Amino acid sequence: MTVNALPRGTSGDGAIPAPVRRAEPMVWRNPHRRDAASVLAASAFSEADMRGAEARWRRFDPLLAALFAGTEDGRIDSPLMPAGPDLARTLLGDAPGSVWIKADHDLPVTGCIKARGGVYEVLAYAETLAEAAGLLRPGLSYAAFASGAFRDLFARHSVAVGSTGNLGFSVGVMGRALGFQVEVHMSHDAKAWKKQRLRQLGARVVEHPGDYGLAVAAARDTFRDRADAHFVDDEDSVDLFLGYAAAALDLQRQLAAAGIAVDAAHPLYVYLPCGVGGAPGGVTFGLTLLFGDAVRPVFVEPVAAPCMLVQLAAGLDRPVSVYELGLDNRTAADGLAVARASLLVARTVGPLIDAVVTVPDADLFHWLKVLWTGAGLRLEPSAASGFAALGRFLAEAPPTDLASATHVVWTTGGAHLPDAEFEAALARA
Ligand SMILES: Cc1ncc(COP(=O)(O)O)c(C=O)c1O
């Protein structure tokens with residue numbers, strides 16, 4: 001286990017630490033982190049954008065409540081749960097502070113954080129189409145989107161996406177519920193059960209022998225210039241990013257309800273599993289808008305696919321792929337099996353990220369089992385990575401301001417895992 005020791009601000013390929021190249025776990029403190037105010041002032045996005053996304057979510061509450069059991073008030077949000085004393089002790093060791101779990105593994109509708117972006121972008125597209133068709137009148141309840149002229153309109157349009165699985169599922173569930181044609185392009189590592197569930201929803205699944213990046217590129221090419229279709233671009237979508245960012249308002253509300261202060265004396269460490277970067281990046285952006293420098297985002301990546309770490313270390317001028325370093329991008333954390341990070345995300349939130357921790361697959365299976373047997377949490381391997389990271393982070397690179405720190409581990413997926421998949425993952429611990 002290693003912690004980087006390059007001078008602040010050093011970048012270029014030579015700044016990618018040797019342990020990363022060797023696929024060894026490491027804690028990378030971001031030497032390019034800057035103060036929140038200056039980063040936000042230069043950002044293309046603002047608090048108004050995040051609040052606009054939140055307002056759109058709320059417009060759709062009546063629709064989501066009508067369509068999906070488990071969202072009585074229409075909110076796609078998860079509980080914030082305290083880690084029990086045993087779990088907290090295991091994670092913190094001798095360090096002070098408290099540990100909470102943001103339970104997106106149990107998010108209504110899809111059981112995965114990617115719904116916050118994927119569902120949101122489908123809703124945004126539906127609203128745009130409805131507006132252009134003259135279907136929106138003042139005072140309309142958006143529950144109407146599920147019926148009549150709205151459905152007829154959506155049935156004449158397609159939504160497409162490239163995905164390792166969970167974004168495709170989120171887009172598929174929402175798109176099909178509104179009557180869209182849905183086409184999901186999937187990488188070789190997408191799990192068979194995820195493809196199967198999409199087909200059951202009536203989505204068209206296109207399988208690619210290549211990785212996630214190739215699946216996204218193929219879908220983008222297929223749907224370029226199609227006026228009757230919308231491509232949800234996991235690598236480059238502003239709507240996805242803002243849909244995720246609105247999650248920060250949910251967490252803010254829950255922290256306040258639990259009486260947890262977040263300020264200079266009470267930092268908030270948030271452990272976020274990272275694939276292409278959209279979900280953790282959007283959440284990071286939203287939390288920074290709300291809490292400024294008091295939030296310390298810690299991204300978590302598999303040792304085989306540390307795409308955000310290498311992008312941030314090498315600099316933001318050109319895209320860098322983990323394949324260039326000789327890494328193979330093969331990991332049991334299928335949602336995190338991404339070779340090249342989103343440049344949109346890296347450029348927007350790179351200077352806000354406190355650290356990136358890389359973890360081996362064995363740690364994911366270990367934590368998957370500990371969390372199931374000790375806390376009854378049903379996670380997929382990607383989603384257990386935050387726990388694997390927290391312990392390493394505190395052991396290897398303990399920050400100096402932990403006395404009144406709150407740690408939030410974001411569990412990003414798993415409740416919908418079929419039993420056989422879950423049993424198989426447990427057996428690998
Ligand atoms: C369970 C899970 N966690 C985390 C992520 C990471 O999200 P992103 O790819 O937007 O970084 C994914 C992506 O699919 C996922 O499926």
Side-chain angles (χ1 to χ4, degrees), residues 1-4 17 19-20 25-34 36 39 80 83 88 91-93 95-102 104 113 244 247-248 251 255 260 262 266-288 290-303 305-313 333 335-336 341 345-346 348-360 363-364 367 382-402 404-412:
M1 187 70 186
T2 326
V3 181
N4 60 311
V20 172
M26 99 165 271
V27 176
W28 184 78
R29 298 303 299 266
N30 183 3
H32 310 292
R33 179 162 154 99
R34 301 208 320 270
V39 176
L80 178 67
L91 286 162
L92 292 175
S98 63
V99 182
W100 293 74
I101 297 166
K102 181 64 182 145
D104 271 13
I113 193 172
Y244 298 125
L251 182 59
L255 290 168
I260 299 168
V262 180
H266 302 87
L268 177 70
Y269 287 87
V270 188
Y271 301 83
L272 293 157
C274 176
V276 74
V283 169
T284 291
F285 186 73
L287 288 174
T288 306
L290 299 176
F291 299 118
D293 293 317
V295 64
R296 312 284 160 71
V298 178
F299 282 28
V300 189
E301 300 190 293
V303 290
C307 62
M308 188 60 78
L309 192 166
V310 303
Q311 187 65 65
L312 297 180
L336 313 184
V345 172
T348 307
V349 306
L352 301 173
I353 296 170
D354 191 59
V356 183
V357 181
T358 63
V359 294
D363 284 15
L364 308 183
W367 277 103
S382 301
S385 64
F387 292 96
L390 197 164
R392 285 186 184 276
F393 182 63
L394 296 188
E396 303 294 326
T400 51
D401 58 0
L402 289 180
S404 305
T406 300
H407 302 270
V408 172
V409 183
W410 212 294
T411 53
T412 50

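Treat the numbers as computed from the prediction; the structure is a model and nothing was measured.
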Engineer: Rounded to the nearest 0.5 Å, what separation is found between the CG atom of Leu91 and the CD1 atom of Ile101?
Structural biologist: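 CD1 of Ile101 is found 8.0 Å from CG of Leu91.
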Engineer: Any heavy-atom pair between the side chains of Asp401 and Arg296 that's under 4.5 Å?
Structural biologist: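 Counting from C-beta outward, Arg296 and Asp401 do come under 4.5 Å.
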Engineer: Distance check, rounded to the nearest 0.5 Å: Met308 atom CE versus Leu272 atom CG?
Structural biologist: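 The CE atom of Met308 sits 11.0 Å away from the CG atom of Leu272.
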Engineer: Looking only at heavy atoms, which two atoms of Pro25 and Pro360 are closest? And how far apart?
Structural biologist: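 Where Pro25 meets Pro360 most closely, the heavy atoms are CB-CD, 4.0 Å.
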Engineer: Closest approach of Thr288 and Ala36, non-hydrogen atoms and distance?
Structural biologist: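 Taking every non-hydrogen atom into account, CG2-CB, 3.5 Å.
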Engineer: Please name the pair of heavy atoms, one in Ser382 and one in Gly335, separated by the smallest distance, quoted to 0.1 Å.
Structural biologist: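 Nearest pair, atom of Ser382 first, then Gly335: OG-N, 3.4 Å.
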Engineer: Would you compute the distance between atom CE of Met26 and atom CG of Leu309 and round it to the nearest 0.5 angstrom?
Structural biologist: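 Rounded to the nearest 0.5 Å, the CE-CG separation comes to 7.0 Å.
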Engineer: If you take all heavy atoms of Glu301 and Cys274, which pair is closest and at what distance?
Structural biologist: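 That closest heavy-atom pairing would be OE2-SG, 3.7 Å.
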Engineer: List the steps, then state whether side-chain contact (heavy atoms from CB on, under 4.5 Å) holds for Phe291 with Leu251.
Structural biologist: CA-CA 11 Å; Phe291 299 118; Leu251 182 59; 5.7 Å; no
Engineer: Under the criterion side-chain contact (heavy atoms from CB on, under 4.5 Å), I'd like the reasoning laid out for Val356 against Asn30: C-alpha separation, chi angles, the key distance, then a yes or no.
Structural biologist: CA-CA 7 Å; Val356 183; Asn30 183 3; over 6 Å; no
Engineer: Between Arg392 and Thr358, does a side-chain contact (heavy atoms from CB on, under 4.5 Å) hold up when you go through it step by step?
Structural biologist: CA-CA 9 Å; Arg392 285 186 184 276; Thr358 63; over 6 Å; no
Engineer: Below 4.5 Å, heavy atoms only, C-beta onward: do Ser385 and Leu364 meet side chain to side chain?
Structural biologist: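 Ser385 reaches Leu364 side chain to side chain.
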Engineer: Just verifying a value: how many Å separate Asp354 CG and Phe393 CZ, rounded to the nearest 0.5 Å?
Structural biologist: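 Going from CG on Asp354 over to CZ on Phe393, the span is 5.0 Å.
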Engineer: Locate the shortest heavy-atom distance separating Arg29 from Ala397; write the atom from each residue and the value.
Structural biologist: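 In this case the closest contact between Arg29 and Ala397 is NH1-O, 3.3 Å.
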Engineer: Side-chain contact, heavy-atom cut-off 4.5 Å: Leu92 with His407?
Structural biologist: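 Side-chain contact under 4.5 Å: yes.
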Engineer: With a 3.5 Å distance limit and no angle check, can you tell me whether Thr406 reaches the backbone of Pro267 through a side-chain donor-acceptor pair?
Structural biologist: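 Not at all, since once roles are kept as given, no pair shorter than 3.5 Å links the two residues.
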Engineer: Can you find a heavy atom in the side chain of Tyr269 that is under 4.5 Å from one in the side chain of Leu402?
Structural biologist: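 Touching, per the 4.5 Å side-chain cut-off.
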Engineer: Can you tell me how far apart OG1 (Thr412) and CD1 (Ile113) are? Round to the nearest 0.5 Å.
Structural biologist: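 That separation rounds to 6.0 Å.
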Engineer: Determine, step by step, whether Leu390 and Val409 satisfy the side-chain contact (heavy atoms from CB on, under 4.5 Å) criterion, reporting the C-alpha distance in whole Å, the side-chain angles of both residues, the deciding distance to 0.1 Å, and the verdict.
Structural biologist: CA-CA 8 Å; Leu390 197 164; Val409 183; 3.6 Å; yes
Engineer: With side-chain contact (heavy atoms from CB on, under 4.5 Å) as the test, pick out the partner of Leu268 among Leu290, Val408, Ile260.
Structural biologist: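 That would be Val408.
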Engineer: Please enumerate all residues that pass ring pair (Phe, Tyr, Trp, His ring centres under 6.0 Å) together with Phe387, with sequence neighbours excluded.
Structural biologist: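 With neighbours one apart ignored, the set is Trp367.
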Engineer: Could you check whether any side-chain heavy atom of Val262 comes within less than 4.5 Å of a side-chain heavy atom of Val295, counting everything from C-beta outward?
Structural biologist: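 Result no, sub-4.5 Å side-chain heavy-atom pair not found.
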Engineer: Rounded to the nearest 0.5 Å, how far does CZ of Phe299 lie from CG of Leu312?
Structural biologist: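 It comes to 8.0 Å.
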Engineer: Do you know which two heavy atoms are closest between Pro398 and Leu394, and how far apart they sit?
Structural biologist: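 So the two residues come closest at CB-O, 3.2 Å.
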